[in-house]
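One structure is given below, encoded as structure tokens.
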Amino acid sequence: MQGCIFCKIVNGEIPNYTIHEDAHVLAFLDINPHAKGHTVLIPKVHAENLFDLNKELSKDLFLSIEIVMEKIELVLHPDGFNVGWNHGEAGGQEVSHLHIHILPRFENDGGGNVHSIVNNDGGMSVEEVIKLF
Ligand code: 5GP
Ligand code: ZN
């Protein structure tokens, strides 16, 4: 999509440090790393978020997560990982092209875990929420 920074990376208009690429996905080092080896994995086609991505490509993307993690594991030997993505403005998404953050974790790196993203139950109990489903 015109104006999309990650589409420009896919098209080679902006340089990147690629660590994995196939016909459908590209994984490259984040320009502003929050961890050693912080990588973003994207589908090559423009999709703002997971809901917009063709299901077959979603499968490719998910399988690629493991390939990228294995590459990082071999090279950087992290002690763990956090993997996830920011979906929508409220979820902290800044680049409107779906991207999976792969964050290698190291003992005593000072980071948190998924629970540190948000801690606000909106004033609803689990029993109230399940009734909505
Ligand atoms: P978001 O907040 O949208 O989930 O994260 C966007 C990520 O893309 C950020 O971590 C940011 O550092 C990264 N990023 C933005 N522009 C570029 C770029 O031009 N090159 C690379 N390699 N990463 C970028
Ligand atoms: Zn794009």
Side-chain angles (χ1 to χ4, degrees):
M1 196 181 104
Q2 210 170 14
C4 172
I5 200 157
F6 285 176
C7 284
K8 285 183 180 166
I9 286 178
V10 170
N11 295 333
E13 294 165 51
I14 295 176
N16 75 92
Y17 297 103
T18 299
I19 71 165
H20 172 68
E21 180 171 16
D22 69 18
H24 303 299
V25 306
L26 179 67
F28 51 91
L29 294 177
D30 194 294
I31 202 73
N32 180 27
H34 281 240
K36 182 169 67 181
H38 181 178
T39 298
V40 282
L41 168 66
I42 66 172
K44 286 187 170 176
V45 295
H46 183 86
E48 182 165 337
N49 59 48
L50 194 62
F51 300 155
D52 295 337
L53 189 66
N54 164 306
K55 299 296 165 250
E56 281 307 309
L57 292 176
S58 293
K59 287 183 202 167
D60 290 330
L61 189 65
F62 197 84
L63 292 173
S64 301
I65 291 174
E66 187 180 355
I67 294 170
V68 173
M69 288 174 70
E70 282 170 351
K71 283 197 174 182
I72 293 172
E73 178 88 24
L74 275 173
V75 176
L76 297 176
H77 313 293
D79 301 306
F81 286 92
N82 292 108
V83 180
W85 61 97
N86 299 324
H87 181 127
E89 211 176 318
Q93 183 175 8
E94 289 181 0
V95 176
S96 300
H97 181 133
L98 172 63
H99 51 284
I100 314 291
H101 289 270
I102 299 174
L103 290 146
R105 295 298 304 275
F106 299 88
E107 295 293 347
N108 304 314
D109 63 12
N113 62 17
V114 168
H115 303 291
S116 55
I117 293 173
V118 66
N119 188 10
N120 181 344
D121 67 8
M124 284 180 83
S125 68
V126 176
E127 289 75 17
E128 287 168 319
V129 172
I130 196 62
K131 282 183 193 150
L132 301 175
F133 280 82

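We count ligands from 1, going down the list as the structure has it; atoms in each ligand are counted the same way.
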Region of [X] that comes within reach of ligand 1 [heavy atoms, distance under 4.0 Å]:
X	result
Phe28	side chain
His34	neither
Ile9	side chain
Asn16	neither

Student check: side-chain heavy atoms of [X] and [Y] closer than 4.5 Å:
X	Y	value
His101	Val40	yes
His24	Glu56	no
Ser58	Leu50	yes

Look up atom [atom1] in [X] and atom [atom2] in [Y], then write down how far apart they are to the nearest 0.5 Å.
X	Y	atom1	atom2	value
Met69	Leu103	CE	CG	10.5 Å
Asn16	Thr18	CG	OG1	3.5 Å
Ile102	Glu66	CD1	CD	11.0 Å

Distance to 0.1 Å, residue and atom name: give those for the protein heavy atom nearest to [atom].
atom	result
atom 16 (N) of ligand 1	Ile5 CD1, 4.0 Å
atom 2 (O) of ligand 1	Gly92 O, 3.1 Å
atom 22 (N) of ligand 1	Leu29 O, 2.9 Å
atom 11 (C) of ligand 1	Asp30 OD1, 3.4 Å
atom 8 (O) of ligand 1	Phe6 CZ, 3.4 Å
atom 3 (O) of ligand 1	Glu94 N, 2.7 Å
atom 6 (C) of ligand 1	His99 NE2, 3.4 Å
atom 14 (N) of ligand 1	Ile31 CG2, 3.9 Å

By atom name, which N, O or S atom belonging to His46 lies closest to the Zn ion (ligand 2)?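 Going through the N, O and S atoms of His46 one by one, ND1 ends up nearest to the Zn ion (ligand 2).
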Would you mind naming the N, O or S atom of His97 nearest to the Zn ion (ligand 2)?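 Result: ND1.
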Parallel, tilted or perpendicular: ring planes of Phe6 versus His97, cut at 30 and 60 degrees: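 If you compare the ring of Phe6 with that of His97, the planes turn out perpendicular.
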Sub-4.0 Å heavy-atom contact, His101 with ligand 1: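 It does; at least one heavy atom falls under 4.0 Å.
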List the atom pairs, donor and acceptor, that lie under 3.5 Å between side-chain atoms in residues 121-133 and the rest of the protein, sequence neighbours left out.
residue, atom, partner, partner atom, Å
Asp121, OD1, Gly123, N, 2.8
Ser125, OG, Glu127, N, 3.4
Ser125, OG, Glu128, N, 3.1
Ser125, OG, Glu128, OE1, 3.3
Glu128, OE1, Ser125, N, 2.8

Looking at every heavy atom in both Pro78 and Ile72, which two are closest together, and how far apart are they?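 Between these two residues, the closest heavy atoms are CD-O, 3.8 Å.
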Quick check on contacts: which atoms of ligand 1 are under 4.0 angstrom from a heavy atom of [X]?
X	result
Asn32	12 (O)
Gln93	3 (O)
Asn86	1 (P), 2 (O), 4 (O)

Spell out, as yes or no, whether a donor-acceptor pair under 3.5 Å connects the side chain of Glu94 to the backbone of Asn86.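 No.
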